[in-house]
*Asks:* 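Input: one structure, supplied below.
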Amino acid sequence: MRYLIFILVLFCHKCIAAIIPSELSSALPIRNEGWNRILSTSDSFTVLIHFQENSAELTVITFDKNHKLHATKKDHCKLFNPHAVNAIRGFYEIHKEAVLFIEQRIDNKNVLLRLRINIYSGVLIEETTLMVSQLFSYNTYTVLKWNDLCYVVTMCINDQHNDTVKIFKYSDDYKLIKTYAPNFDNIDFDNINSLNAEIDRSGEVCFCIMLSKKQPFDKQKNLKKISYYDIYQRVERYKAIYKSWKDDKYENYDNALYTYLLDKKRDEFIQTRFKLPENIYPFYTHFIYDSSAGQLKLLLTSSKVFYYQIAKTSSINSDYHSYLINIDFRKNDFTINPVFVNDSSSGANTLPLAFSGSCSSPYVISEEDVFVDAHGYLGNIIISGFANQRPTVSLPITQKLNALIFPANLINKHSSVMLNKEFLTQEYINQYASFDYFNANSSLYIIYNDYPDNFKRSRDSIIPVFQNYFNNPFEETDLFVYKVNDDGRVFKQRIFDHLSNDETISGMIQCGCFDDKTNTYATVVLHKNGKKMNLQIAWIKL
């Protein structure tokens, strides 16, 4: 009898633990197609912004702390150009306002706009041009926010080779406090590339750039290397397809990585420089910093690159590679070690998307990424620890999209959301792709969309979420969550488990927002019930 009671208690505990509290809003008064972003405020309000295709109209919908509809407002933007190349560079709460940063290219200049929105009424308070690049130059903007401070990181490249990187620090009342500018006068380089700028929960800022110097390239000698051979064959195949590709010129570069960490006590940046291995081309970095120990861990994501020139310099990427850079500021020492995160059973490339944990126990979250026959294949999610401190966990998921998914599309899905690109339908659909992750309750949560039938299928019989040219496959998927404990145990749960057979709820991964104070994830969901579909906001308590 005692044994039976224990089994019943254990069964009830598992059932209770499996329930994920969630809440849905009423249907939103916006079209299903478009670009959305959500902001959870310090007053527990939820602010949704919506942009529609080829329209300068901004729709703002706000919900109160009880998740009740508070206000709906539509404003016509005067500076935002819907026909320009646009990207959302940040959406933050600043001085009790919802502030949206948009980058757009107008008249051969890159412009950074700042839109101030009333959190409660949704009214567009002010639309300001914050920064403008020089004529015929290309700027990239990254906007970071911490407490009452806001940092804008800019990198400018123009035809006069006057390359600059600057950081502008603003107060919460939008006043410029200080400008930081690294000095490159004594450095000989041919190219400059901004990799990433991040800010952690304690307000530490770290940004990285790469400086490249062109080196002589011996075609016959270098093609003998295995790392080049496969890429060379791809170039030759492309040349056979596109007959206009006649003459080519191969190039080689030596790359150096420069990291800049903000020392908040001295209010200046600490610079470190690393010589990178041959033909390793980094395109993104993640960092973990322990100020008390004076240690910085930098996860560098790169690819083997083979340069070729046809009309202008281009490149074809090979396998992804990762390096863990350990910097000890107290000993003035650093080490660079390769990181092997490819635990894919299919042999696919695994792209590191996140670096989390602590300096003593870091881990990386990766996703399989393959490009075959004009489709981007997103596969298993790999969670890897370092130095055997954590077990490696592989989470099955397969999404096949009718579009090439570049690494930047996945890595920057929150900090950089492209608006009104050339292939609009594909851009809509890509907002549902990949996954989102959060740390809460001493566990790692990963949220993604999958077919409901895959919940009961074995790992080897999972049906891929497949998009052809005419449909959005995520209309038939539901939101799922993986919960991963420190010991590597995995729990999988369908978030909305009370649905009928003709009902699905899929989430816009790209627009979600996680409130770490309440451990609540809010995102826009597509609710399909039979032939009826509408957008709603879902609040999910982790």
Side-chain angles (χ1 to χ4, degrees), residues 89-90 140-144 146 151-155 157 163 165-167 180 182 184 189 191-212 253-263 269-277 279-291 295-305 317 319-329 334-341 349-359 362-367 369 384 386 406-416 437:
R89 295 305 188 194
T140 59
Y141 301 103
T142 303
V143 183
L144 308 172
W146 179 73
Y151 298 89
V152 179
V153 183
T154 70
M155 191 196 73
I157 302 177
D163 308 310
V165 178
K166 291 184 179 180
I167 291 186
Y180 310 89
F184 301 131
F189 62 94
N191 292 323
I192 183 173
N193 186 27
S194 176
L195 303 180
N196 186 30
E198 285 186 307
I199 190 167
D200 63 14
R201 292 184 178 182
S202 63
E204 306 290 350
V205 177
C206 182
F207 75 97
C208 299
I209 61 173
M210 184 187 68
L211 302 182
S212 302
Y253 286 86
D254 279 342
N255 300 319
L257 179 70
Y258 286 77
T259 66
Y260 295 87
L261 179 71
L262 178 60
D263 186 336
F269 279 89
I270 305 172
Q271 174 185 299
T272 53
R273 178 184 183 276
F274 311 98
K275 177 71 170 60
L276 297 176
N279 294 301
I280 293 298
Y281 193 91
F283 56 81
Y284 210 75
T285 56
H286 296 281
F287 84 97
I288 298 175
Y289 180 58
D290 185 350
S291 58
Q295 293 184 350
L296 172 70
K297 288 187 183 295
L298 198 70
L299 179 69
L300 184 148
T301 303
S302 66
S303 61
K304 288 265 186 188
V305 171
N317 293 350
D319 295 340
Y320 302 124
H321 293 265
S322 297
Y323 294 86
L324 182 62
I325 302 176
N326 297 279
I327 306 173
D328 191 325
F329 292 108
F334 67 89
T335 58
I336 303 178
N337 297 302
V339 175
F340 300 99
V341 298
N349 292 330
T350 52
L351 175 65
L353 300 183
F355 190 39
S356 192
S358 62
C359 276
Y363 62 92
V364 62
I365 307 174
S366 308
E367 185 171 16
D369 180 26
S384 305
F386 294 97
F406 291 99
N409 299 135
L410 298 178
I411 295 177
N412 293 327
K413 61 177 176 285
H414 284 305
S415 61
S416 176
Y437 79 98

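In this chain, numbering begins with 1 at the start of the sequence shown.
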*Asks:* For residues S322 and V364, determine if any side-chain heavy atom of one lies less than 4.5 Å from a side-chain heavy atom of the other.
*Replies:* no
*Asks:* For residues Y323 and L299, determine if any side-chain heavy atom of one lies less than 4.5 Å from a side-chain heavy atom of the other.
*Replies:* no
*Asks:* What's the separation between atom CZ in F355 and atom OG1 in T301, rounded to the nearest 0.5 Å?
*Replies:* 10.0 Å
*Asks:* Would you check if I209 and Y260 make a side-chain contact, meaning some heavy-atom pair closer than 4.5 Å?
*Replies:* yes
*Asks:* In terms of the angle between their ring planes, are F207 and F269 parallel, tilted or perpendicular, with boundaries placed at 30° and 60°?
*Replies:* perpendicular
*Asks:* Show the nearest heavy-atom pair for residues N255 and S212, with the distance to one decimal.
*Replies:* OD1-OG, 2.6 Å
*Asks:* Sequence neighbours excluded, which residues qualify as side chain to side chain donor-acceptor pair (under 3.5 Å) partners of Y180?
*Replies:* K169, D267
*Asks:* After noting the C-alpha distance and the side-chain angles of F334 and F274, does the key distance pass the ring-ring contact (aromatic ring centres under 6.0 Å, His included) rule?
*Replies:* CA-CA 9 Å; F334 67 89; F274 311 98; 4.6 Å; yes
*Asks:* Holding to salt bridge (charged side-chain N to carboxylate O under 4.0 Å, His left out), I want the full list of residues that pass it with E198, two or more places apart in sequence or in another chain.
*Replies:* none
*Asks:* Do Y141 and R89 have side-chain atoms, one donor and one acceptor, less than 3.5 Å apart?
*Replies:* no
*Asks:* Tell me if a side-chain donor or acceptor on N196 pairs with a main-chain N or O of T285 at a distance below 3.5 Å.
*Replies:* yes
*Asks:* Considering only heavy atoms from C-beta outward, does the side chain of L298 approach that of L257 to under 4.5 Å?
*Replies:* yes
*Asks:* Considering residues at least two apart in sequence or located in another chain, which fulfil the salt bridge (charged side-chain N to carboxylate O under 4.0 Å, His left out) criterion with D263?
*Replies:* R266
*Asks:* Would a distance-only check, ignoring hydrogens and angles, find a side-chain to backbone donor-acceptor pair under 3.5 Å from W146 to E204?
*Replies:* no
